[in-house]
Amino acid sequence: MDGRDVNQVGLNGQGIVSQGIDAGFAGQRWLIEERDACGVGFIADQQGRESHKLIAEALSALTCLEHRGACSADQESGDGAGMMTAIPWALLAPWLSQQGFADAPHERVGVGMVFLPQDQAAATSARHHLQTAATTAGLTVLGWRPVPVCPEVLGVQARDNQPQIEQVFLKSDALVGDVLERRLYLVRKRAERMVREAIAATPEGAEWLQEFYICSLSCRTLVYKGMVRSAVLGEFYTDLSHPDYTSAFAVYHRRFSTNTLPKWPLAQPMRLVGHNGEINTLLGNINWMMAREADLSHPDWDDCLAELKPTVNAQNSDSANLDNVMELLVQSGCSPLEALMIMVPEAYQNQPDLVAYPEITDFYEYYSGIQEPWDGPALLVFSDGKRVGAALDRNGLRPARYSITKDGYIVVASEAGVVALPEAEIVEKGRLGPGQAIAVDLERHEILKNWELKQRIAKAQPYGEWLNTYRVTLEEQPFAETDLMEPASLLRQQVAFGYTTEDVEMIIEEMASQGKEPTFCMGDDIPLAVLSHKPRLLYDYFKQRFAQVTNPPIDPLRESLVMSLSLQLGERGNLLAEKPEYARLLKLDSPILNEPELEVVRQSGFATANLSTLFAIDKTASLHHAVEQLCQQATAAVQAGQKILVLSDRSTPREIPRL
């Protein structure tokens, strides 16, 4: 992972001490070393009282989560740790005064925490990109503040890769609040695009630009993070120990890297969220987000939306991609919890408590046809500077403990007891269950619990009415009474498609008669399909990529409380807007359809096109060419207005105009 000794004693993903490997081969490197734990939480003052005491307690809580992270072989270079707080104006105001901007109103100033290349010439060029992006957005650059750090406390690897860390101050003449926050978001995305273009233009001379990273750029929040251990964060960033560093909240995170090597930018929290766990559906989430980018639109962005793309990047960590999509939603008008409800919905279909809250179920149902779930992020802690909160995903496989005191002090963490609170002052202790959330509204001075939070969000629109008016549900149809094939023809088809007697008798017949996955013991000593000289079923050539940690594959039939096979067909709506007609989709309870149900789909009122998967075999034919042709036909059909495509090996190919 990052060079740490496999044999050193450490904590694994379940919190169990493991002694490492003495001899023999115990498994692949990612299986043995790369597990996920991550410590995460927040502290907030309900009344919005800023104090340095809160920062000190957050640093102490972060130190208590050291066992949730890992170190390199040098024992000092951690996977990463960080903290998000409100902008500490009491600390930063003297520097602004020294620069001649003592009268700059804080509500019109944004502060960015920036990682710059170590090379000075490269750092100057990076500053130029960001300053150009800011001035083209109508903002004034007040200056760059070198962030005081203590590199001596870093490990060898962390010190060798340490960026030059500075804070940039950007001022607007008129913008404040959410409008300024959106403008700063645009500036950051514009600067990142300029860097990408510079790399593309001079790939050999622009490696340094890869070191350019903006941790945060906001008029409300500031992120201090790095490739450090928990206990070292406050020592490395001396700002955090200064008595003038005050805040009404702090989000803290100790990272345990899993599918990515430790890097300074990958430490958390990100710009809005910090989480533990691992997103199991990441590749699909990234692909779907890239596919829907063409349909995104929002009145707040006008012609600037193209500059916000790409939203996701397959080279980034799962946390970074989750944060990027969440940030787009929040900057387009969603609250952080609403964005999480859209992206990480709870298991609502078989949830008894939701019977009393049908509007929340309607919210989830509406968005189930627009945004697929991001599955597996476990405990998520978030803040946009106005609200701070935490939520568990539908499985709730990571703990989330909270305590609330008499004067509205709230502590949430992935461990109990990370902050020493007098027992006499505590009025409530508890934990979040699967899919539950808790938040503090720093503007209204409210502590909001799960159902109250979600009701406010779900009642914003009449989602239930939209679903009743527009959505169509496919009714279950009986199977045909007559066989579709003669036994001899069926056998020929099974042989042609690679089914064996074992497949039919031990798997298919068992599943059809018992309605469950067959269980039997049999060795599998045949070669991988890609190495075999025998013809194999098409899906034998594909292997499911599960998380690289302890998360097992989950059977949706056995785990029906938290999983569903239902899906929806039809045109997906714009993720950044809510409209009644976006609910016009065809809902299926299962992706497995019989012949009558497939015919109902064709007659459902949705424009449907049948595309043949058959192709003529000749000397020049290839599967690759046939798939490309099929993709072109599908694109042409969609552009012609078709909403549902049926791929069939029983249809005769017909000519569809090429693109």
Undergrad: Looking at Y367 and E578, what are the two nearest heavy atoms and their distance?
TA: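 That would be OH-OE2, 2.6 Å.
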Undergrad: Would you tabulate the side-chain donor-acceptor contacts of residues 85-113 under 3.5 Å, counting partners in other chains and residues two or more places apart, or write 'none'?
TA:
unit_1	atom_1	unit_2	atom_2	d
T85	OG1	Y245	OH	2.6
S97	OG	A93	O	3.2
R108	NH1	D173	O	2.9

Undergrad: R159 and P151: which non-hydrogen atoms are nearest, and at how many Å?
TA: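 Shortest heavy-atom contact: NE-O, 3.3 Å.
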Undergrad: Indicate yes or no: at least one non-hydrogen side-chain atom of P262 is less than 4.5 angstrom from one of M227.
TA: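 They are in contact (side-chain heavy atoms under 4.5 Å apart), so the answer is yes.
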Undergrad: With K225 as the cation and Y213 as the aromatic partner, state whether NZ or CZ is under 6.0 Å from the six-membered ring centre and within 45° of the axis.
TA: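 Checked: cation-pi criterion not met.
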Undergrad: Could you tell me if the side chain of V228 sits less than 4.5 Å from the side chain of Y237, heavy atoms only?
TA: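 Y237 does not reach V228 side chain to side chain.
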Undergrad: Hey, is NZ on K263 packed in by over 12 heavy atoms from elsewhere, all under 6.0 Å?
TA: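 12 or below, so no.
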Undergrad: Let me confirm one number: the NE2-CZ distance from H445 to R49, rounded to the nearest 0.5 Å.
TA: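 Reported to 0.5 Å precision, the distance equals 10.0 Å.
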Undergrad: Report the distance from atom CD1 of I43 to atom CZ of F249, rounding to the nearest 0.5 Å.
TA: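 I43 atom CD1 to F249 atom CZ measures 12.0 Å (nearest 0.5 Å).
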Undergrad: Is any side-chain heavy atom of R127 closer than 4.5 Å to one of W144?
TA: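 Answer yes - side chains close enough.
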Undergrad: Looking only at heavy atoms, which two atoms of S297 and L576 are closest? And how far apart?
TA: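 Minimum heavy-atom separation between S297 and L576: O-CB, 3.5 Å.
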Undergrad: Is any side-chain heavy atom of D384 closer than 4.5 Å to a side-chain heavy atom of T221?
TA: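 Not touching, per the 4.5 Å side-chain cut-off.
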Undergrad: Any idea which heavy atoms bring S403 and K429 closest together, and the distance?
TA: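 Nearest heavy atoms, S403 then K429: OG-CG, 3.7 Å.
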Undergrad: Looking only at heavy atoms, what is the nearest atom pair of A44 and V388, with distance?
TA: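 That closest heavy-atom pairing would be CB-CG1, 3.6 Å.
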Undergrad: Identify whether the distance between the nearest side-chain nitrogen and carboxylate oxygen of R188 and E327 falls below 4.0 Å.
TA: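 E327 and R188: salt-bridged.
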Undergrad: Rounded to the nearest 0.5 Å, what separates atom CD1 in I165 from atom CZ in R145?
TA: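 The CD1 atom of I165 sits 11.5 Å away from the CZ atom of R145.
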Undergrad: Are Y252 and V418 close enough that some pair of their side-chain heavy atoms sits under 4.5 Å apart?
TA: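 Result yes, sub-4.5 Å side-chain heavy-atom pair found.
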Undergrad: Take S317 and M270 through the test side-chain contact (heavy atoms from CB on, under 4.5 Å) and record every step on the way to the result.
TA: CA-CA 11 Å; S317 67; M270 296 299 179; 4.0 Å; yes
Undergrad: What I'd like to find out is whether the side chain of I279 reaches to under 4.5 Å of the side chain of P377, using heavy atoms alone.
TA: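 When only atoms from C-beta onward are counted, P377 and I279 do touch, with a gap below 4.5 Å.
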Undergrad: Does the side chain of L328 reach to within under 4.5 Å of the side chain of Y185, using non-hydrogen atoms?
TA: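 A side-chain contact exists here, since the closest heavy-atom pair is under 4.5 Å.
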Undergrad: Inspect the surroundings of CZ in R431 and state if more than 12 heavy atoms from other residues, nucleotides or ligands are less than 6.0 Å away.
TA: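 For R431, atom CZ is not crowded (no more than 12 foreign heavy atoms under 6.0 Å).
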Undergrad: Run the numbers on V40 and R398 for side-chain contact (heavy atoms from CB on, under 4.5 Å), then give the verdict.
TA: CA-CA 11 Å; V40 61; R398 296 290 189 274; over 6 Å; no
Undergrad: Got a second to check how far E338's CD is from M343's CE, nearest 0.5 Å?
TA: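 Rounded to the nearest 0.5 Å, the CD-CE separation comes to 12.5 Å.
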Undergrad: What residue among R456, K449, Q455 forms side-chain hydrogen bond (donor to acceptor under 3.5 Å, both in side chains) with E452?
TA: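 Testing E452 for a side-chain hydrogen bond (donor to acceptor under 3.5 Å, both in side chains) against R456, K449, Q455 leaves exactly one candidate, R456.
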Undergrad: Can you measure from CG (L170) to CG (L175) and round to the nearest 0.5 angstrom?
TA: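 So the CG of L170 and the CG of L175 are separated by 12.0 Å.
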Undergrad: To the closest 0.5 Å, what do you measure between CZ (R271) and CG (N324)?
TA: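 Result: 6.0 Å between the selected atoms.
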Undergrad: Restricting to non-hydrogen atoms, name the atom on W301 and the atom on Q331 that form the minimum distance, rounded to 0.1 Å.
TA: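 That closest heavy-atom pairing would be CZ2-O, 3.6 Å.
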Undergrad: Can you confirm whether the side chains of S172 and R183 place a donor and an acceptor under 3.5 Å from each other?
TA: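 S172 vs R183: no donor-acceptor pair found between side chains.
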Undergrad: Give the C-alpha distance, both sets of side-chain angles, the deciding distance and a yes or no for side-chain contact (heavy atoms from CB on, under 4.5 Å) between E415 and C64.
TA: CA-CA 9 Å; E415 308 283 344; C64 291; over 6 Å; no
Undergrad: L305 versus E293: any side-chain heavy-atom pair under 4.5 Å?
TA: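 No. Closest side-chain heavy atoms not under 4.5 Å.
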Undergrad: Between Q167 and V147 (side chain of the first, backbone of the second, donor and acceptor by atom type, cut-off under 3.5 Å), is there such a pair?
TA: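 No: the side chain of Q167 does not pair with the backbone of V147.
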